[in-house]
Amino acid sequence: MFGHFRPEFYVHRQTPMLDIQLLRSQLDRVAERLASRGKVIDFSEFTALETERKTLQARTQELQSQRNLLSKQIGMLKSKGEDVAGVMAEVAALKAELEAAEARLNALLTQFNAILATLPNLPHESVPVGSGEHDNVEIKRWGTPRVFEFAVRDHVDLGERAGRLDFASAAKISGARFAVMKGDWARLHRALIQFMLDTHTAEHGYTEVYVPYLVNRDSLFGTGQLPKFEEDLFKVPRGDAEPFYLIPTAEVPVTNIVRDAILAAEALPLKLVCHTPCFRSEAGAAGRDTRGMIRQHQFEKVELVQIVRPEHSWEAHEELTRHAEAILEKLDLPYRRMVLCTGDMGFAAAKTYDLEVWLPAQQTYREISSCSNFEAFQARRLQARFRNDKQKPELVHTLNGSGLAVGRTLVAIVENYQNADGSITIPEVLRPYMGGVVRIASAT
RNA sequence: GGAGACGUGGCCGAGAGGUCGAAGGCACUCCCCUGCUAAGGGAGCAUACGCGCUAAAACGCGUAUCGAGGGUUCGAAUCCCUCCGUCUCCGCCA
């Protein structure tokens, strides 16, 4: 069906995401830290596999060495015109054992890697231990939720009444979890993208990039969306060729820019900002956020990505999070910063801050950005390295964060900036992007 | 889409079944000489993994890797198959 595309190929090829040396030398410590995020390692299976691997690998390599030695002899003898039958017989005797050893070792390594591929990143020491969302810890709050003197409407109400939001058409065209926006709402949506990109490039030192929205499997493995989260992705079959996948986030194409690359030390830090649509099947989200634009199959996002030297990644994590917060502050949207607990973090993250914006209609804070430091976890898979001060290749650290999710930002603006007549006041920083318009979507 | 060529280390580039992990050049590091908007000489310089030795390195030995995967062979960068990618020409196209 996919021609010569073989899923098992990736199990072989991909290096595990945790440092294999660390696992071997400090299994206890690794197990303990993984346990804090609800991942239990089977010690006995691991050590048993590891023991067998050692002896088998040593034996295989020994046999290979013998074969190589004898083969060289054959070459030498032949060039002198001497008889090689004896050596040929000797090497033939090795063959059966060598082939068996190689096959077993291969099978073992496949099994080993399959286990390793399921291990998530180790959480940073500063991450609170917890089992789920309720254990996340609020770090800070910014802004004061506005007090309304009229009954607040949510964005769906506001948009549909004003004829700017049309879910019925979207459902007809595609289905549930899509939106059609019209007129000044569509323009506001576009304005937000421009505003975010301009701010990050002009004020925060990012370079804007444009990237493919259809990516291959290798890229999804590189950033950790595969193999575990295939059901969240939209897959695009291509006959016999390897399928494409629609990107779930710009993180995938942008971070994969440095896959298999050895960067010059001077190239770091690499700070990239990218606007893309994002596509998510939302397979596990049936029934959640079915109203409105909060959870869509297709949405726009401006993504911040940093590729940095390992010693700078924690500093960069704070900085990148501030860059995302700056957008909320310029828009004067109240928000809070949460640090995700061990049980709620993504697979590849060492630490994640979520930014949550105030939504007056829901009387709650909702996620609008997620900023993570992956340390070397992604880089190890990506084989993304730089030449360190000793001129040796060393894994980089990767980070990313939404700066911000555009659709949710639009929701936050219309809800927070709504007026009694259903119109929306445009935040000052956006007016230049709206042709100077101050209010939109009034009843007339 | 059709026809052809090609893919070798940080870069360029030899290599055509046997002491090839890979000549030579550039870049880089160290040393010597010299002396100042530079040149010459010498040495070193791929990555991953395993084993040994270490406090840890360095180091030593081994294995694998010449776009990727598989095959032929005692032995593959070299031969065969498949895939991926690049370039040239033709066709088509926003």
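Every chain is numbered from 1, with letters handed out A, B, ... down the list of sequences.
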Given the [atom1] atoms of [N] and [M], what is the spacing between them in whole Å?
{"N": "B/A48", "M": "B/G9", "atom1": "P", "answer": "16 Å"}
{"N": "B/C53", "M": "B/A58", "atom1": "P", "answer": "16 Å"}
{"N": "B/U63", "M": "B/U54", "atom1": "C1'", "answer": "22 Å"}
{"N": "B/U86", "M": "B/C80", "atom1": "C1'", "answer": "23 Å"}
{"N": "B/A77", "M": "B/C6", "atom1": "C1'", "answer": "15 Å"}
{"N": "B/U8", "M": "B/G25", "atom1": "C1'", "answer": "15 Å"}
{"N": "B/C11", "M": "B/C66", "atom1": "P", "answer": "16 Å"}
{"N": "B/A14", "M": "B/G24", "atom1": "C1'", "answer": "7 Å"}

Measure from the side chain of [X], starting at C-beta and using heavy atoms only, and say which of [options] lies closest.
{"X": "A/I20", "options": "B/C49, B/C74, B/C51", "answer": "B/C49"}
{"X": "A/S65", "options": "B/C51, B/C49, B/U63", "answer": "B/U63"}
{"X": "A/N68", "options": "B/A64, B/G75, B/U47", "answer": "B/A64"}

(Q) Less than 4.0 angstrom between a side-chain N/O of A/K392 and OP1 or OP2 of B/U47, yes or no? (A) yes
Next on the checklist: On the nucleotide B/A46, are OP1 or OP2 found under 4.0 Å from the side-chain N or O atoms that A/R385 carries?
Outcome noted: no
[X]/[Y] ion pair, N-O < 4.0 Å:
{"X": "A/R177", "Y": "A/E282", "value": "no"}
{"X": "A/R322", "Y": "A/E319", "value": "no"}
{"X": "A/E230", "Y": "A/R217", "value": "yes"}

pair_partner(B/U19), Watson-Crick or wobble, both distances < 3.5 Å, evaluates to none
Q) Base, sugar-phosphate alone, or nothing: which one does A/L70 contact when heavy atoms must sit under 4.0 Å apart? A) nothing
Any donor-acceptor N/O pair under 3.5 Å between B/G18 base and A/K78 side chain: yes
On a heavy-atom basis, the closest approach of A/A350 and A/E375 is CB-OE1, 3.4 Å
Could you state the atom-to-atom distance from [atom1] of [X] to [atom2] of [N] in whole Å?
{"X": "A/Q21", "N": "B/A56", "atom1": "CD", "atom2": "P", "result": "13 Å"}
{"X": "A/E102", "N": "B/G75", "atom1": "CD", "atom2": "C1'", "result": "13 Å"}
{"X": "A/R217", "N": "B/C83", "atom1": "CZ", "atom2": "P", "result": "19 Å"}
{"X": "A/Q66", "N": "B/C61", "atom1": "CD", "atom2": "P", "result": "18 Å"}
{"X": "A/L109", "N": "B/C49", "atom1": "CG", "atom2": "P", "result": "13 Å"}
{"X": "A/L98", "N": "B/U63", "atom1": "CG", "atom2": "P", "result": "12 Å"}
{"X": "A/R238", "N": "B/C83", "atom1": "CZ", "atom2": "C1'", "result": "12 Å"}
{"X": "A/K72", "N": "B/G21", "atom1": "NZ", "atom2": "C1'", "result": "10 Å"}

Between A/E50 and A/M88, whichever has its closest RNA chain B nucleotide further toward 5' is A/E50
Is the positively charged end of A/R381 above the ring of A/F221, judged by distance under 6.0 angstrom from the centroid and angle within 45° of the axis? no
* Decide if atom CD of A/E428 counts as having more than 12 heavy atoms of other residues, nucleotides or ligands within a radius under 6.0 Å. => no
